[in-house]
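Quick notes on the structure that follows.
Note: hydrogens, waters and symmetry copies are ignored here, and every other heavy atom, side chains too, is used. Throughout, numbering of the chain's residues begins at 1 and tracks the sequence.
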Amino acid sequence: MTSVGPTTGPSTAVSAAIASDLAAPAASDRFSGRLFSANLRQNGIYLAFALIIALFSILTHGDLLAPQNISNLVVQNSYILILAIGMILIIIAGHIDLSAGSVVAVTGAISAVLMVNNHMPWPLAIVITLIAGAAIGAWQGYWVAYFGIPAFIVTLAGMLIFRALTLTVLGNQGIGPFPDEVRTIANGFMPTYLGNIGLGPLDGADLFTLLIGLAFIAGIVVTNWRSRTGRARYGQSVEPLPLFIAKMAVAAAVVMFVIVQLARFKNLPWVLVLLAVLVLAYSLLTNRAVFGRHIYAIGGNLNAATLSGIKVKSVTFWLFVNMGVLGAVAGIVFAGRLNQAGPTAGNSFELDAIAAAFIGGAAVQGGVGKVVGAITGGLIMGVINNGMSLIGAPSEQVMLFKGLVLLAAVAFDVFTKRRAGAVR
């Protein structure tokens, strides 16, 4: 008998070659689709922001981008942006915080009683207020992390409890005025250190503010370049170099435009300096620190995070402590801006912070989001409020527009996820 071995003739080789040729484009298409979806998801919010600014610039005949109005945008929305930084971390981890507005109110009330009624030195009063915010966050974090009650329920209860405490602390009346130093934090501007420099038809601008803007742009470019080269070194996908250069050029132009406008008005608001420090610190925390990566792991897959040894309860607890501290910061800034702590302070602030996080790219299921995205989402809400006010739109149209923007942002998130799943 003659044994028959495996067939390795020309027809088999040709078939394998054809299969390989067909599979390669398919794999390439899947990779391109995933890369496109990732870029669309990451950069779509900035494109939407640009379109909204362009729309309201046309409708307001350029008043939206006037130096004084840009400064007002930053100052008027600063407390929402501070809350959005903490809220995005909570949402990334798969939770929610409905008590943020009430925490703003009660911590603002505490600071008012300490500074105004008890004449305590303002630095000590601020420290005690921040400790009170941390205690509030620890209270809520305990019930969520260690007792297992859903954050929605805990913070809903907190919204009522801390609003009641606000009324109790204030005696159902406003307390003010605040010390000048606290008011300066919320409404003040950096002094002129190096004098003004002429900018031709734009008149003069503060030189020190312009130098800060150039340094900030250099930091953005260097940080993104190092991030890009690091991903390329480990074989991860990166955008083409021309696209990277274009993104950096657009970012530099936008930042410099804002800086020039601020330098032409009253220089940098102190609250913007505070925001810049917070954004830098929390961006480093989420991108470089182990704690930050644990937040994403918990939100992305809770069971996998638990099995991999991440202390889920501890991370969740400290997230709420952090939210309480940032709520206290926002409470001090808001009270200082109004020069009074009032019983209705912070109403609906939690909704604005949550909207800022989702508009800025946070995923409903958790595990996705960036601090810069939350800031962008908050600014989008601020531009809508400011732009609609400038054109004299009634309040119901403002709420309608904001609601549609929020719905569109979440729908965009769902769409990009489905597209990414379709090309796998």
Side-chain angles (χ1 to χ4, degrees), residues 43 45-47 49-54 56-57 60 62-82 84-85 184-225 244-284 333 337 356 360 370-383 386-387 390:
N43 302 317
I45 180 63
Y46 306 111
L47 295 176
F49 190 26
L51 291 175
I52 290 173
I53 290 177
F56 282 109
S57 296
T60 62
D63 290 344
L64 179 74
L65 299 178
Q68 181 175 354
N69 195 62
I70 290 179
S71 182
N72 290 338
L73 267 173
V74 174
V75 174
Q76 292 172 1
N77 295 281
S78 57
Y79 37 88
I80 298 298
L81 299 180
I82 293 171
I85 293 173
T184 299
I185 294 174
N187 293 318
F189 299 85
M190 292 182 64
T192 299
Y193 293 110
L194 302 177
N196 281 16
I197 182 174
L199 294 178
L202 296 179
D203 300 324
D206 180 61
L207 178 58
F208 185 71
T209 300
L210 297 178
L211 293 176
I212 290 177
L214 292 174
F216 185 67
I217 290 172
I220 292 175
V221 174
V222 171
T223 301
N224 282 273
W225 176 255
F244 174 81
I245 294 174
K247 286 171 58 178
M248 291 300 98
V250 171
V254 171
V255 170
M256 205 61 210
F257 175 81
V258 173
I259 291 295
V260 168
Q261 296 294 73
L262 293 175
R264 292 175 58 203
F265 181 56
K266 291 183 179 179
N267 305 338
L268 293 178
W270 280 115
V271 73
L272 179 59
V273 177
L274 172 62
L275 270 171
V277 171
L278 290 175
V279 170
L280 176 61
Y282 281 92
S283 295
L284 291 175
V333 169
R337 178 174 176 267
K370 290 184 177 181
V371 172
V372 175
I375 295 296
T376 304
L379 289 174
I380 287 177
M381 301 289 283
V383 168
N386 184 265
L390 289 175

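Side-chain contact check for V258 versus V74: every heavy-atom pair is 4.5 Å or farther apart. Contact annotation: the side chain of I259 never approaches that of F216 to less than 4.5 Å [non-hydrogen atoms, C-beta and beyond]. The side-chain heavy atoms of T376 and V372, taken from C-beta on, include a pair separated by under 4.5 Å. Taking the side chain as every heavy atom from C-beta outward, L65 and I53 approach each other to under 4.5 Å. When side chains are defined from C-beta on, M256 counts as touching L214, because their heavy atoms get closer than 4.5 Å.
Between S57 and the choices I52, L64, D63, the side-chain contact (heavy atoms from CB on, under 4.5 Å) rule is met once, by L64.
Separation of atoms CG (L262) and CG (L210) is listed at 10.0 Å; rounding is to 0.5 Å. Between atom CG of residue L81 and atom CG of residue L73 there is a gap of 10.0 Å, rounded to the nearest 0.5 Å. In this structure, CG on L280 lies 12.5 Å from CG on L275, to the nearest 0.5 angstrom.
Counting all heavy atoms, side chain and backbone alike, A84 lies closest to A356 at CB-CB, 4.0 Å. Contact between W270 and T184 at its shortest, heavy atoms only, is CD1-CG2, 3.7 Å. Looking at every heavy atom in both residues, P67 comes nearest to Q261 through CB-O, 3.2 Å.
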With side chain to side chain contact (heavy atoms under 4.5 Å, CB included) as the criterion, how do L390 and F56 come out once you've worked through the C-alpha distance, each side chain's angles and the decisive distance to 0.1 Å? CA-CA 9 Å; L390 289 175; F56 282 109; over 6 Å; no

Go through the steps to decide whether I212 and M190 satisfy the test side chain to side chain contact (heavy atoms under 4.5 Å, CB included), and finish with yes or no. CA-CA 12 Å; I212 290 177; M190 292 182 64; 4.2 Å; yes

Take N224 and M248, measure what side chain to side chain contact (heavy atoms under 4.5 Å, CB included) needs, and give me the verdict at the end. CA-CA 8 Å; N224 282 273; M248 291 300 98; 3.8 Å; yes

Evaluate the side chain to side chain contact (heavy atoms under 4.5 Å, CB included) criterion for residues F208 and N267: first the C-alpha distance (whole Å), next the side-chain angles of each, then the deciding distance (0.1 Å), finally the verdict. CA-CA 9 Å; F208 185 71; N267 305 338; over 6 Å; no

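With hydrogens and angles ignored, the 3.5 Å screen pairs no side-chain donor or acceptor of N386 with any backbone N or O of G382. N187 contributes a side-chain N or O that, together with a main-chain N or O of R337, makes up a donor-acceptor pair within less than 3.5 Å. Judged by distance alone, with hydrogens and angles left aside, the side-chain atoms of S78 form a donor-acceptor pair with the main-chain N or O of V75 at under 3.5 Å. In this structure, N72 contributes its side chain and Q68 its backbone to a donor-acceptor pair below 3.5 Å.
Using the six-membered ring where Trp is involved, F265 and F189 have ring planes that are perpendicular, over 60° apart on the 30 and 60° scheme.
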